[in-house]
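Only heavy atoms go into these numbers, but all of them, side chains included; no hydrogens, no water, no symmetry mates.
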Amino acid sequence: MEEFITRTSTNSFLVMRHGELVHEWYREGFEATTRQSSWSVAKSIVSLLVGRAVDRGILSEADRLVDVLPELRTGTNYDDITIHNLLDMTSGVDVSENYNPYLPLTGIARMLLTTDLDRFLGDHRELVFEPGSKGEYRSVDTQLLGAVLARKEGRPLSDILRDDLWVPIGAQDRATWNLDREGGEEKAFCCINATARDFAKIGKLVMDGGIVDGTSVVPAEWITRISTPAPNLIDEWGYSSQWWHPSGGSGQDFSAIGVYGQYIYIDPVTQTVIVKLSDHGAEQDEQLTIDVFRTLARS
């Protein structure tokens, strides 16, 4: 474990079993109150917010993107994109997952650096495949989901996160969410900054079927949705509503995953939640990390 922690540049490592925190480790310079970036783990949290909106009838998976955001209408097949497509990464929107720091003006790198996300979404309405025809990981799908949710709710994503999840789960610390500019839009596809303990509480919420202290925070139907792989694989793994289903294992575990080694791992069979926050490389061996989690869960 020490070699694994070191080799994968881990900053925080927490294990919960049956709802109790049984292991907690921090690298020097980090502690229980240190906020760390979620990177794409934020995508999975956005999914939980969407699930609440669907349960309240504010949003439907069958809704078309352009019916909620008519300013994006093109008169092309782009207009066929549904909320369901965005959730399962089957939209086909042409914004590549480029993490090359030497190509900052393309794909997700440009989306991360832009100071006007609304304009970015409007400038990128080409398709590389027909909506729903295949799956391909694209962070722009989550950014579009965030824009839809904020429009439907009539309030910023940060307020939705605070009121609908952070307060109900009893988060111990305040969180922040990176914006495209001061007073601007949240980067829905990444970068919720919170403590490892509070990310673990998100994992516990999902593990417990969306219930906190007997109260439903996320509908049970949505927990079933995210824990059941969708038909289309993403990068050879199962995927469903912004949550990953790694190959192998019991087939029942799943995880929120962010670039550079961020994880909220959930194994319902052993009632285990693992949080790992890191500064690892962009080409991390995610399968190896999941295999370590599975070994711990079974131990």
Requested in this report: Any chance you could lay out the side chain to side chain contact (heavy atoms under 4.5 Å, CB included) test for N77 and D80, step after step, and finish with the verdict?
Outcome: CA-CA 5 Å; N77 289 347; D80 296 331; 3.7 Å; yes

List the atom of [X], the atom of [Y], and the distance in Å for their closest heavy-atom pair.
X    : Y    : value
I234 : W244 : O-CZ3, 3.4 Å
A147 : L69  : CB-CD1, 3.8 Å
A150 : L157 : N-CD2, 4.3 Å
P131 : I81  : CG-CG1, 3.7 Å
A188 : V46  : O-CG2, 3.6 Å
Q252 : P268 : O-CD, 3.3 Å

Tell me if a side-chain donor or acceptor on [X] pairs with a main-chain N or O of [Y] at a distance below 3.5 Å.
X    : Y    : answer
S47  : S241 : yes
R138 : V95  : yes
R27  : S12  : no
T10  : T6   : no
T114 : D116 : yes
R17  : V22  : no
Q242 : L86  : yes
R181 : T115 : yes
S240 : T228 : yes
S227 : T224 : yes

Taking atom types as modelled, find out whether [X] and [Y] have a side-chain donor-acceptor pair closer than 3.5 angstrom.
X    : Y    : result
S247 : Q287 : yes
D267 : Q271 : no
T90  : N85  : yes
Q262 : S278 : no
E186 : S158 : yes

Nearest 0.5 Å please: distance from the [atom1] atom of [X] over to the [atom2] atom of [Y].
X    : Y    : atom1 : atom2 : value
E286 : I290 : CD    : CD1   : 8.0 Å
D118 : Q143 : CG    : CD    : 8.5 Å
R125 : D123 : CZ    : CG    : 8.0 Å
Y263 : S40  : OH    : OG    : 11.5 Å
L117 : K187 : CG    : NZ    : 7.0 Å
L127 : T76  : CG    : OG1   : 6.0 Å

Extract all donor-acceptor atom pairs below 3.5 Å that involve side chains of residues 198-208 and protein atoms in other chains or at least two apart in sequence.
from	atom 1	to	atom 2	distance (Å)
D198	OD1	Q172	N	2.8
D198	OD2	Q172	N	3.4
D198	OD2	D173	N	2.9
D198	OD2	T195	OG1	3.3
K201	NZ	G170	O	2.6
K204	NZ	D208	OD2	2.7

Query raised in the report: Should P70 and R151 count as side-chain neighbours, where that means a heavy-atom distance under 4.5 Å?
Result: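 With C-beta onward as the side chain, the pair touches.
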
May I ask you to decide whether [X] forms a salt bridge with [Y], counting only side-chain N to carboxylate O separations under 4.0 Å?
X    : Y    : answer
D159 : R162 : yes
R294 : D253 : yes
E31  : R197 : no
D180 : R119 : no
K134 : E136 : yes
R155 : D163 : yes

Query raised in the report: Pick from F254, W222, W237: which one makes a ring-ring contact (aromatic ring centres under 6.0 Å, His included) with W243?
Result: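 Of the listed residues F254, W222, W237, the ring-ring contact (aromatic ring centres under 6.0 Å, His included) partner of W243 is F254.
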
Report task. Would you please test L149 and K152 for side chain to side chain contact (heavy atoms under 4.5 Å, CB included) and show each step? Result -> CA-CA 5 Å; L149 188 60; K152 279 288 192 177; 5.5 Å; no

Check the hydrophobic clustering (I, L, V, M, F, W, Y; side-chain heavy atoms under 4.5 Å; chains of links allowed) and say if [X] and [Y] are grouped together.
X    : Y    : result
L179 : L121 : no
I5   : L14  : yes
V273 : M1   : yes
L233 : L87  : no

**Report entry** Connected-component partners of V128 among ILVMFWY, side-chain separation under 4.5 Å
**Finding:**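 In the cluster with V128 are F129.
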
Requested in this report: Mind running side chain to side chain contact (heavy atoms under 4.5 Å, CB included) on L296 and I274 for me, showing each step along the way?
Outcome: CA-CA 9 Å; L296 284 174; I274 298 175; 4.3 Å; yes

Requested in this report: Just jot down the side chain to side chain donor-acceptor pair (under 3.5 Å) partners of E126, sequence neighbours excluded, or say none.
Outcome: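 In terms of side chain to side chain donor-acceptor pair (under 3.5 Å), with neighbours along the sequence ignored, E126 is linked to no residue.
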
Report task. Please report the C-alpha distance between V275 and F13 in whole Å, then the side-chain angles of each, then the deciding distance to 0.1 Å, and finally whether the side chain to side chain contact (heavy atoms under 4.5 Å, CB included) criterion is met. Result -> CA-CA 6 Å; V275 170; F13 195 85; over 6 Å; no

Requested in this report: Using side-chain contact (heavy atoms from CB on, under 4.5 Å) as the criterion, point out the one residue from I192, N193, D279, N178 that pairs with S37.
Outcome: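 When I192, N193, D279, N178 are each tested with S37, the side-chain contact (heavy atoms from CB on, under 4.5 Å) holds only for N193.
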
Query raised in the report: Under the criterion side-chain contact (heavy atoms from CB on, under 4.5 Å), which of V167, L165, I211 is the partner of V217?
Result: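 The passing option is L165.
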
Report task. For atom CD of E2, decide whether the heavy atoms of other residues, nucleotides or ligands shown that lie under 6.0 angstrom number more than 12. Result ->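 Open.
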
Query raised in the report: Does CZ belonging to R174 count more than 12 external heavy atoms closer than 6.0 Å?
Result: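 No, CZ of R174 has 12 or fewer neighbouring heavy atoms, counting only those of other groups under 6.0 Å.
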
Requested in this report: Please test R56 against D164 for salt bridge (charged side-chain N to carboxylate O under 4.0 Å, His left out), starting from the C-alpha separation and ending with a verdict.
Outcome: CA-CA 12 Å; R56 300 201 309 273; D164 290 10; 3.7 Å; yes

Query - Trace of the side-chain hydrogen bond (donor to acceptor under 3.5 Å, both in side chains) decision for K43 with S38 - result: CA-CA 9 Å; K43 293 179 170 71; S38 68; over 6 Å; no

Report task. For the residue pair F4 and F293, categorise the inter-ring angle as parallel (less than 30°), tilted (30 to 60°) or perpendicular (more than 60°). Result ->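 Ring orientation of F4 relative to F293: perpendicular.
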
Report task. Please name the residue in the list H280, K276, E3 that meets the side-chain hydrogen bond (donor to acceptor under 3.5 Å, both in side chains) test with T8. Result ->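 Considering H280, K276, E3, a side-chain hydrogen bond (donor to acceptor under 3.5 Å, both in side chains) with T8 is found only for K276.
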
